Structure formats: structure tokens, C-alpha cells
Protein chains: 2
Amino acid sequence: MRTTLDPVLASRLRMSVMRLGRRLRQQRADDNLTASQIAALATLDREGALPLGELAAREHVRPPSMTRITAALEERGLVARTPHATDGRQVLFSVTREGAKLLADDRKRRDVWLCELMARLDPGEQEILRQAAPILERLATER
Amino acid sequence: MRTTLDPVLASRLRMSVMRLGRRLRQQRADDNLTASQIAALATLDREGALPLGELAAREHVRPPSMTRITAALEERGLVARTPHATDGRQVLFSVTREGAKLLADDRKRRDVWLCELMARLDPGEQEILRQAAPILERLATER
DNA sequence: TATTGTTATACTCTATAACTATA
DNA sequence: TATAGTTATAGAGTATAACAATA
């Protein structure tokens, strides 16, 4: 068993992860939402209700742009706004039941696609991925 | 050893792969190229010289848009155009030495970032990723 | 006459600047 | 006076339509 870190492994892992990620993204349903709208919706789903400015910051977008993004999402009933409890200037945005359903359907779609691909692997290979998943998860969230 | 395919594994793998891919993308150098320009450059690098229409198709972009993208890349000396050998209407685009260098530097950057993260894993975990890499590669390229 | 690529023009998305309201 | 969000306007980027050159 070797312990020194192999730059070729990093490079290979980078390539395969980015390619697979790209293909997973391609499996998204065409729901007429822009990439920014989907991203904002997913962030609200992941982080819970956020004021507009905070959401804009997380999405690396300016507040006026986020105003338009949330307006589009609100018009489609995917997010809802609630006033801030103590600060009347702030507006909190959160995902509606429909918004959550849209995201869930989308994830489901990609899961099915990936599941079908993985079904072609032999049991030993599946087992390796089972062990690899939590490690990749840590790499993705660390620091 | 189980052989039935586990949807939870697919879901977990999807999440970790997409997140890690997202973070890898964030490591890109800020070279003032747009995402479309980088993508087109990388495609030419991967696939070799292509006529404009073909490149537009692979990037899911219309020919007029690709005309502008290649014009920007050409102006920065990252791609070059050569006439088609037999068909005078077609224009073949290919990556220049500078273009290849820019891509290589960019990949290097991400490799270093990933390598540093992976160095924190213990040898057993590194070994699992070593075995997982070619499997992910196959998933990414299959069908 | 059909096809490849470019130019002209319109639309979408995001940013900066100016404004309204609340603290 | 400072901050959160919106509205007005301008700047990228992409698309459709019309055009030029070649097959």
C-alpha cells in the first residue's frame, strides 16, 4: 500500500468528477427556469429562508439582479416572501411546497439516470463507489 | 456482498460529485474569459480542429453566437482559423500553443487544489479513490 | 438550390446608479 | 445617517432573420 500522494490520481479524479457532474447537470428537466433561478431556489431549499441581500451574496449576484430572480420565482409560485420579524426593511424568501417539489422531481430524474448507469457495473465496482461516496462528500464540503 | 442497486447510493454519489465539481470549477483562474469561451476552447482542445458549425452544435449554441465566441478567442490568440482542405465554405478552428497553455495552467491549478485536499485523507481512503477514479470515468463517458 | 459562416437587429440577464422605506 | 430592497438605465451575451460565398 502506497501512501505518497499521486498527482496523476488527483488529475484523473478531477476529470472524471467534472465530466460526470456535467452529464448529471444535462439530465435536468427543461422547466423554463434559468440557471440562476434554479441555483437560487436550491440555495433557499438547502439553507432555509434568507433575506434578499443574503441570498444575493451567496449566489454571487447583486441585489437588483436577485430582485428579478426572486420575482420570476415568486410569479411561478416557487418561492414566497415573508416580512422580517423585527426589521421592517428586510424581506425573507423561502421555498414553497411547489418549489420543493420541483427540486425533488429534478433530483429524482438525475438519480434515476445515474442509477441506470450504475446498474451496469459489477457488484465489486458498486461496492467501491459505495465506499468512495462519503470520501468525495468530505472533499466537497471540507475547509 | 450485496448486488441489488441502491438508490440512496446513487443519490449520495450524485450530490457529492456535483458539489465537488462545483468547487473544482470555482478554482479556475480569473482570466477574463467567459464561461462559453472557456468551454469552446476546452472542446477544441479535447476534440481537435472543428468547423464553426460543428463547434456551435457541440456547445449547444447557435452559429452566430459561436462566431462571436471564436472572434474573442482569436483576438486573444487562443485559437486560430485554417481554411478547410476541400470545402471553401468551412472554417476550421483549432487551439494555439497559448490556448493550450492557458488550459493546462488552469487544470494544473485545480489539480494542486485537489491534491492538497486529498493529502489530508488517510492512505486507505486515498486507495479507495484510486480504485473509484476509473469507475467514475466510465460512468462519465458511457452511452 | 442547399449549405457554411457572417452581419444586422432584438431580447434576456446582470450590473451600476438613483430612489424609497425603515433603523 | 446608514442599510435593505426596488426601480431606471446601460452593458454583455445569445438568438432569429437576412445576407454573402461556396458546393
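Here is the naming used below: chain letters follow the sequence lines, and residue numbers restart at 1 for every chain. Quick note: numbers below take in every heavy atom, side chains included, and nothing from hydrogens, waters or symmetry partners. Since we're looking at a predicted model, the values are computed, not measured.
- As a whole-Å value, the separation of B/His60 NE2 from D/dG13 C1' is 18 Å.
- What separates CE of A/Met66 from P of D/dT7 is a distance of 16 Å, to the nearest Å.
- Protein atom CZ of A/Arg68 is 14 Å distant from nucleotide atom P of C/dC11, rounded to whole Å.
- Phosphate contact (OP1/OP2 of C/dG5, side-chain N/O of B/Thr67, threshold under 4.0 Å): absent.
- Within the structure, every pair that satisfies the side-chain hydrogen bond (donor to acceptor under 3.5 Å, both in side chains) test and touches residues 64-80 of chain A, not counting sequence neighbours, is listed here: A/Glu74-A/Arg81.
- Closest to the side chain of A/Val61, out of D/dT14, C/dA15, C/dT6, is C/dA15.
- In this view, A/Asp45 and A/Arg107 satisfy the side chain to side chain donor-acceptor pair (under 3.5 Å) rule, not counting sequence neighbours.
- When the side-chain nitrogen and oxygen atoms of B/Ser36 are compared with OP1 and OP2 of D/dG13, none of them lie within a distance under 4.0 Å.
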Table of protein N/O atoms under 3.5 Å from nucleotides 16-18 of chain D N/O atoms:
from	atom 1	to	atom 2	distance (Å)
D/dT16	OP2	B/Arg62	NE	3.3

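- For residues 73-92 of chain A, proximity to DNA chain D is found at A/Arg81, A/Arg89, A/Gln90, A/Val91, defined as any non-hydrogen atom under 4.0 angstrom from a strand atom.
- Between the CD atom of B/Glu54 and the C1' atom of C/dT3 there is a distance of 14 Å, rounded to whole Å.
- Note on residues 90-105 of chain B: pairs passing side-chain hydrogen bond (donor to acceptor under 3.5 Å, both in side chains), not counting sequence neighbours, are B/Asp87-B/Gln90, B/Lys101-B/Asp105.
- Of the possible polar contacts, one joining the B/Arg109 side chain to the B/Gln27 backbone as a donor-acceptor pair under 3.5 Å is found.
- Although no hydrogens or angles enter the test, the distance criterion places a donor-acceptor pair under 3.5 Å between the side chain of A/Gln126 and the main chain of A/Leu121.
- For the segment residues 21-28 of chain B, no residue has any heavy atom less than 4.0 angstrom from an atom of DNA chain D.
- For A/Gln37, the side chain to side chain donor-acceptor pair (under 3.5 Å) test picks out no residue, with sequence neighbours left out.
- For B/Lys108, there are no side chain to side chain donor-acceptor pair (under 3.5 Å) partners at least two apart in sequence or on another chain.
- Residue pairs meeting the side-chain hydrogen bond (donor to acceptor under 3.5 Å, both in side chains) criterion with at least one member in residues 133-142 of chain A, sequence neighbours excluded, are A/Glu137-B/Arg12, A/Arg138-B/Glu125, A/Glu142-B/Arg120.
- For A/Arg22, the side chain to side chain donor-acceptor pair (under 3.5 Å) criterion is met by no residue, not counting sequence neighbours.
- Residues forming a salt bridge (charged side-chain N to carboxylate O under 4.0 Å, His left out) with B/Glu54 (at least two apart in sequence, or on another chain): B/Arg58.
- Both B/Pro51 and A/Gln37 lie close to DNA chain C; mapped to their nearest nucleotides by heavy-atom distance, the more 5′-ward contact belongs to B/Pro51.
- The CG atom of A/Leu55 sits 14 Å away from the C1' atom of D/dA4 (whole-angstrom rounding).
- With sequence neighbours excluded, the residues that form a side chain to side chain contact (heavy atoms under 4.5 Å, CB included) with B/Asp111 are A/Ser11, A/Arg14.
- Annotation: of the two residues near DNA chain C, A/Ile69 and B/Leu52, the 5′-most nearest-nucleotide partner is B/Leu52.
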